[in-house]
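To keep things clear, I will list the structure first and then write my remarks on it.
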2 protein chains.
Amino acid sequence: MPLLDIGEVSERSGVPASALRYYEEIGLIRSEARRGLRRQYDPDVLLRLSLIGLGKTAGFSLDEIAAMFGADGQPNIPREQLRARADALQRQMIGLRTLRDALRHVADCRAPTHLECPAFRALLKTASRRPLAYTPSRPEPEKKLLPKRRKPGG
Amino acid sequence: MPLLDIGEVSERSGVPASALRYYEEIGLIRSEARRGLRRQYDPDVLLRLSLIGLGKTAGFSLDEIAAMFGADGQPNIPREQLRARADALQRQMIGLRTLRDALRHVADCRAPTHLECPAFRALLKTASRRPLAYTPSRPEPEKKLLPKRRKPGG
DNA sequence: GCTTGACCTCAAGTCGACTTGAATTCGTAG
DNA sequence: CTACGAATTCAAGTCGACTTGAGGTCAAGC
C-alpha cells in the first residue's frame with residue numbers, strides 16, 4: 001500500500017503541507033483517501049507537484065496550470081501553448097538584456113551624475129514607453145465576479 | 001509659475017492620480033504646494049516619475065527606489081548596486097533561456113505524451129531544484145515589525 | 001447663486017499564493 | 001489509559017502596489 005501521508009509528500013516534494021492543502025482546495029491536486037482525518041496521497045502526486053513547480057517556474061499561474069491537466073489528470077499541454085510561452089520568454093529576455101546593458105553602461109559611465117549621462121536619459125525614455133515588467137500571462141485583466149474558492153469536484 | 005495639477009502630472013506621466021497620491025504618502029514624491037486642497041507639483045516630478053518607472057522596470061521595489069534618492073532629492077544610485085542588478089538580470093536571463101529551450105524542445109518532441117519525453121523529464125528535475133522565478137531583490141524576507149504607512153517627512 | 005467637475009481624505013478592497021493560529025481530532029507508543 | 005505528535009478545519013493575516021468608493025471641498029463658468 002503505497003499511499004503517503006501529507007508529511008511524507010511535503011518532505012519529498014519540498015512543498016509545505018499548508019500549500020498542499022491549499023492546492024487541494026483549489027482542485028490542483030487531490031488526496032486519494034483518508035485515514036481517520038488524515039489525507040492519503042497516491043505517490044503520483046509527486047510527479048504532479050513537479051509539473052506544478054515547473055509551471056510556476058515558467059511563469060504560469062496556478063489557474064493556468066490547473067487548466068493544463070485534462071479531466072483524466074494527465075498533463076495535457078497544447079504544444080502551441082508551449083511555443084507561445086517560449087516566445088514570451090524570448091521577448092522577456094530581449095527586454096532584460098537591453099536593461100542589463102543599459103545598467104552596466106550607466107554603472108561604468110564617467111558622467112558625474114547619472115542624470116548627465118546620455119545613455120541614462122535614453123533609458124528613461126524607453127523605460128517609460130515599454131512595460132517590460134514580468135507579466136507572465138495577464139493579457140486581459142478582465143473582472144471576475146466568481147467566488148474565490150472553487151469546489152474541488154468542479 | 002509652472003506648478004502642475006495632479007491631473008496634468010498624471011496625464012503627462014501616465015501614472016494614475018491615485019498612484020501619485022500613494023507615492024506621496026510613502027514619501028516617494030512630494031507636492032510643492034496646495035491651491036485650495038489641490039496638490040501642486042513642480043514639473044521636476046515628471047523626471048522623478050520616469051526614474052521611478054525605470055526602477056520598477058528594473059525590478060526594484062518602491063522602497064528600494066525611494067532609498068536611491070538622496071536627502072537632496074537627487075537620484076543617487078550606487079554604481080555597485082547597478083552592477084549587482086545587472087548581474088541579477090543576467091542570471092535571470094540564463095534561467096529563462098534554459099526554460100525557453102526546454103519548452104521549445106518539448107513542443108517539437110515526437111514522444112506521444114510530454115511525460116514520455118526525456119527532455120521533459122529532465123526539465124522537471126531541474127525545475128524542482130532551482131527557484132528561477134522572478135525574485136528581484138528579496139534575499140532575506142526578514143520580518144518587519146514597522147508600521148506600514150511611513151510619514152512623508154520622516 | 002448654482003452647478004459642474006476636478007480634486008480631496010480616509011478606509012477598505014483587490015490580487016495570488018500561501019501562511020499562521022486556535023481549537024480539535026486522530027493513531028500510535030508506552 | 002494516557003500522552004504525544006501529527007494532522008485536521010476554518011478564519012484571518014501577509015505582502016506590494018495600488019484601486020475603489022463614499023462623502024466632502026473648492027474654483028470657475030453660466
Side-chain angles (χ1 to χ4, degrees), chain A residues 3-11 13-29 31 33-41 49 52-53 55-57 59-67 131 133-138 140-150 152, chain B residues 3-11 13-29 31 33-41 49 52-53 55-57 59-67 131 133-138 140-150 152:
Chain A
L3 293 186
L4 306 175
D5 248 16
I6 198 172
E8 191 98 17
V9 175
S10 174
E11 194 177 346
S13 67
V15 179
S18 61
L20 293 175
R21 291 192 204 96
Y22 174 69
Y23 285 173
E24 184 166 343
E25 187 187 355
I26 66 175
L28 198 48
I29 63 174
S31 47
R34 293 281 179 129
R35 192 159 48 107
L37 280 182
R38 303 178 182 200
R39 290 165 176 83
Q40 300 297 113
Y41 291 97
L49 285 171
I52 292 168
K56 286 181 46 172
T57 302
F60 290 101
S61 71
L62 293 187
D63 270 8
E64 288 169 320
I65 294 169
Y134 185 64
T135 51
S137 52
R138 332 239 152 279
E140 313 164 34
E142 50 184 314
K143 294 202 173 182
K144 286 181 183 177
L145 297 175
L146 303 171
K148 293 194 74 166
R149 299 299 188 220
R150 324 66 157 168
Chain B
L3 293 186
L4 307 175
D5 247 16
I6 199 172
E8 190 98 19
V9 174
S10 175
E11 194 177 346
S13 65
V15 179
S18 62
L20 292 174
R21 290 192 205 96
Y22 174 70
Y23 286 173
E24 184 165 342
E25 186 186 355
I26 67 174
L28 198 49
I29 62 174
S31 48
R34 294 282 179 126
R35 193 160 48 109
L37 281 182
R38 305 179 179 198
R39 291 166 176 81
Q40 300 298 113
Y41 291 97
L49 286 172
I52 291 168
K56 286 180 48 172
T57 302
F60 291 101
S61 71
L62 293 186
D63 270 8
E64 288 170 319
I65 293 169
Y134 186 64
T135 51
S137 53
R138 332 243 152 275
E140 313 163 35
E142 49 184 314
K143 298 202 173 184
K144 285 181 184 175
L145 299 174
L146 303 171
K148 293 195 73 166
R149 300 297 187 221
R150 322 65 156 170

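Letters A, B, ... are given to chains in the order of the sequence lines, protein chains preceding strands, and every chain is numbered from 1.
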| For nucleotides 25-30 of chain C, read 5' to 3', which letter fits each nucleotide if B means a protein heavy atom sits under 4.0 Å from the base, S means only the sugar-phosphate is that close, and - means neither? | -BSS--
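Atom OH of B:Tyr41 and atom CG of B:Leu20 lie 5.0 Å apart (nearest 0.5 Å).
Residue-level contact check: B:Arg39 touches the backbone only, with heavy atoms under 4.0 Å from sugar-phosphate atoms and none from bases.
Every residue meeting the side-chain contact (heavy atoms from CB on, under 4.5 Å) condition with A:Ala19, not counting sequence neighbours, appears here in chain and number order: A:Val15, A:Pro16. For the side-chain contact (heavy atoms from CB on, under 4.5 Å) test, no residue two or more places apart in sequence or in another chain qualifies with A:Glu11. Considering only residues two or more places apart in sequence or on other chains, B:Arg21 meets the side-chain contact (heavy atoms from CB on, under 4.5 Å) condition with B:Ile6, B:Ala17, B:Ser18, B:Arg39. In terms of the side-chain hydrogen bond (donor to acceptor under 3.5 Å, both in side chains) criterion, residue partners of A:Ser31 (sequence neighbours excluded) are, by chain and number, A:Glu24. Legend: residues meeting side-chain contact (heavy atoms from CB on, under 4.5 Å) with B:Ala67, ordered by chain and number and at least two apart, are absent.
Side chain of A:Arg34 to main chain of A:Leu37: a donor-acceptor pair is present (N/O by atom type, distance under 3.5 Å, no hydrogens or angles). In this structure, A:Glu64 contributes its side chain and A:Ser61 its backbone to a donor-acceptor pair below 3.5 Å.
Across the interface with DNA chain C, nearest-nucleotide mapping of B:Glu8 and A:Pro16 shows B:Glu8 to be the residue nearer the 5′ end.
The side chain of B:Tyr23 places an N or O atom within less than 4.0 Å of a non-bridging phosphate oxygen (OP1 or OP2) of D:dC18.
We find that OH of B:Tyr41 is positioned 10 Å from P of C:dC7, with the value rounded to whole Å.
Over its length, the helix from C:dG1-D:dC30 to C:dG30-D:dC1 turns its helix axis by 30°, as judged from the five terminal pairs at each end, rounded to 10°.
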